[in-house]
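One structure is given below, encoded as structure tokens.
Each chain gets a letter, A, B and so on, in the order its sequence line appears, and its residues count up from 1.
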Amino acid sequence: MKIATWNVNSLRARADRVEAWLEANDVDVLAIQETKCKDENFPWELFERLDYEVAHFGFSQWNGVAIASRVGLDDVQRTFAGQPAFGKGGKDPVQEARAIGATCGGVRVWSLYVPNGRGLQDEHMPYKLEWLDVLRQDVEGWLAQDPEAQFALTGDWNIAPRDEDVWDMQYFLENNLTHVSAPERQAFQDFLDAGLTDPMRQRHPGPGPGVYTYWDYTQLRFPKKEGMRIDFQLLSPALASRVVDANVDREERKGKGASDHAPVVVELS
DNA sequence: ATGGTCGCGAGGCGA
């Protein structure tokens, strides 16, 4: 069984790429982030053509997550238990379209688009950290209830857990950038401490451009190999024991019309 | 290469 996760940065703009990628890559489950559309604009036919079932959670041009599967798609859940809402400037807080879960081939798969903290002092930063804290508490509950549970938290985590996961740590420090701060990294580490495994880290420890999953569109970041490792599949212990391979498909970042993220693919026995 | 990003949606915001 093969599970992939991919922040496509608009599914409509990337429809041809996504279809071609699915046809070429033989994945059983694809978790998608940043569909950037509502249900009424979702390209349902794309997945029908390829015989994937698909579930989507998106209600505006922002965010949006989906799971496509050809090994079943059961018990679809939009938002995780207790998922924090966000509302600034006195607006009604809303649970954003950043999490969808489904059971596919016996594995509980989550497609997650972790909030971008935007700035170290921005109000989105505490939102991001709380969002991750509640999710991790949910995970601890799942494992307490069933230590053998098979689940995968996949998606765009918007965190580079180690210095080597960005091309130049000095650049981030000098510019007071997010994704590398101590609280963000601790929030990520808390998932590992809860028992989850990052199979990419195990098989491709890095450092180096081969492990990056994201390259900014600006500044010629991709040709200059200036990327970040911010997309992950974190696996429960029972699922981690089934890992056969894990890779980033950086070829998919090449050429005109690419997303700024590359797919992360994990193969299981 | 004296420029240098996308997408959404129709101006400016978000990443």
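- Electrostatic pairing of Glu34(A) and Arg98(A) does not count as a salt bridge here, judged by no charged N lying under 4.0 Å from a carboxylate O.
- For Asn7(A) and Lys38(A), each mapped to the nucleotide of DNA chain B holding its nearest heavy atom, the one lying further toward the 5' end belongs to Lys38(A).
- The distance from atom OH of Tyr214(A) to atom P of dA15(B) is 11 Å, rounded to the nearest whole Å.
- Atom NZ in Lys224(A) sits about 14 Å away from atom P in dG4(B), given to the nearest Å.
- Side-chain N/O atoms of Arg221(A) include none lying less than 4.0 angstrom from OP1 or OP2 on dT5(B).
- Using modelled atom types, one finds a donor on one side chain and an acceptor on the other under 3.5 Å when comparing Arg108(A) with Thr103(A).
- Rounded to whole Å, atom P of dG14(B) lies 10 Å from atom CZ of Phe86(A).
- Atom-to-atom, NZ of Lys128(A) to P of dA15(B) comes out at 10 Å; the value is rounded to the nearest Å.
- Picking from dA15(B), dG9(B), dG7(B) the nucleotide with the shortest atom distance to the side chain of Asn116(A) gives dA15(B).
- Side-chain proximity of Tyr217(A) to dT5(B), dG14(B), dG7(B): nearest is dT5(B).
- Under a hydrophobic clustering in which Ile, Leu, Val, Met, Phe, Trp and Tyr are joined whenever their side-chain heavy atoms come within less than 4.5 Å, directly or via other members, Val139(A) and Leu239(A) fall into different clusters.
- The distance from atom CZ of Arg17(A) to atom P of dG7(B) is 11 Å, rounded to the nearest whole Å.
- With rounding to whole Å, Gln219(A) atom CD is found 12 Å from dG4(B) atom P.
- Proximity of Thr218(A) to the phosphate of dC6(B): no side-chain N or O atom is located under 4.0 Å from OP1 or OP2.
- A close approach under 4.0 Å does occur between a side-chain nitrogen or oxygen of Arg14(A) and OP1 or OP2 of dG7(B).
- Side-chain atoms of Thr213(A) and Asp231(A) form a donor-acceptor pair, as typed in the model, at a separation below 3.5 Å.
- When the C1' atom of dG4(B) is taken as reference, atom CG of Asp216(A) falls 11 Å away, rounded to whole Å.
- Residues Lys256(A) and His261(A) both approach DNA chain B. Their nearest nucleotides, taken by heavy-atom distance, put Lys256(A) toward the 5′ side.
- As rounded to the nearest Å, dC13(B) and dG9(B) have P atoms that lie 16 Å from one another.
- For the C1' atoms, the distance linking dC6(B) with dG11(B) amounts to 16 Å, nearest Å.
- For Arg12(A), no side-chain nitrogen or oxygen approaches OP1 or OP2 of dG7(B) to under 4.0 Å.
- Between Asn158(A) atom CG and dA15(B) atom P there is a gap of 8 Å when expressed in whole angstrom units.
- For Phe151(A) and Trp110(A), the gap between ring centers reaches or exceeds 6.0 Å.
- For Trp62(A), taking side-chain heavy atoms from C-beta onward, the closest of the listed nucleotides dT5(B), dA15(B), dG7(B) is dG7(B).
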